[in-house]
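So the structure is just underneath, and the comments pick up after that.
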Amino acid sequence: MGQVLLAAPRGYCAGVERAIITVEEALRRFGSPVYVRKQIVHNTFVVDDLSRRGAIFVDELDEVPDGALVVFSAHGVSPAVKQEAARRGLRTIDATCPLVTKVHKEAVRMAEAGFEIVLIGHAEHEEVEGTLGEAPERIHVMDPASPGEVRTGSRRLSWLSQTTLAVDETLQAVEKLRERHPDLVDPPSDDICYASQNRQEAITSIAPRCELVIVVGSANSSNSQRLVDVALNAGAGAAYLVDRAAHADERWLDGVRTVGVSSGASVPEGLVAELLDWLAARGFADVQPVTVTEETLTFSLPLELRSNRKPG
Ligand code: SF4
């Protein structure tokens, strides 16, 4: 019979909770349909659930009818998207995580102070697209796995990062960047959010004891994918990402005595419970929680939902 080490913190962060409640509250107050630009958070289950309740997920604003209500996702949007919404007269509610907004503000501040900025992150990720849009002529997106050289002209160089990267990989990327640009200026604080850091720390604490780690999360969830990378780097024998327990493979359990379990910041706890049931049915019923820290942070809802004000 095997054991399960259940990492904590795991699952919902404050930004995801706020974004999901924002869509629920918008549906409650204004009724269906509520349009949502991009997936509100990167989790298939959450998106399907909100769709059933009247949310309509779109990729771009041109899919939103004139006069409709649209929510911007937790990952943030570029100023161009906000301007387009205003030009179209759309009613908007911005569910951007405040920790992403902080990076946007820092990008604007640095650009105004005359810096070229390296934004360490994944170019195709919505968060990076949004931050890039704050100062596209000054920001150079750099994949953490391949830091290179940047043409800065006479300007000083600084850096920012996507909020959900792996801490170690990001610090290594910064050091490589510094080798090429010795006068690189550090930002006042790094941008990897508390939730990404805590989930990585928790999985690092269990991974060396696990022949197998299973992370619950969707394939397009950056922070969930990083948990798999971090588990492998920390010594897990194998690590996999699954959207639901049904996607786990019994063969992964061959010869395994200890399984580590965690979940990304956009994953409802019910999906972890589902995986624990799946493991229990296969002889892994002994679940030991391993908690590295407690989280208490919460964010207030977007301004548009804090009063009787109509979104606009
Ligand atoms: S993972 Fe971090 S940045 Fe992203 S929504 Fe959660 S708290 Fe905000």
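In each ligand, atom 1 is the first atom listed, and ligand 1 is the first ligand listed.
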Atoms in ligand 1 with a heavy atom of Tyr194 nearer than 4.0 Å
7 (S)
Taking atom types as modelled, is there a side-chain donor on Thr163 or Glu127 under 3.5 Å from an acceptor on the other?
yes
Given the rule that I, L, V, M, F, W and Y join up when any side-chain heavy atoms are under 4.5 Å apart, are Val41 and Val71 in one cluster?
yes
Residues passing the ring pair (Phe, Tyr, Trp, His ring centres under 6.0 Å) test with Trp252, sequence neighbours excluded, are Tyr240
Scan the side chains in residues 253-264 for donor-acceptor partners under 3.5 Å anywhere in the protein, sequence neighbours excluded, and list what turns up.
| from | atom 1 | to | atom 2 | distance (Å) |
| --- | --- | --- | --- | --- |
| Arg257 | NH2 | Glu211 | OE2 | 3.3 |
| Ser263 | OG | Gly11 | N | 3.0 |

Sphere of radius 2.8 Å around atom 8 (Fe) of ligand 1 - protein N, O or S atoms inside:
Cys97 SG
Tell me who clusters with Val128, hydrophobic residues only, linked when side chains sit under 4.5 Å apart either directly or through other members.
Val103, Met110, Phe115, Ile117, Leu119, Leu132, Ile139, Val141, Leu160, Val185
Below 4.0 angstrom, N of the basic side chain to O of the carboxylate: do Glu24 and Arg53 qualify?
yes
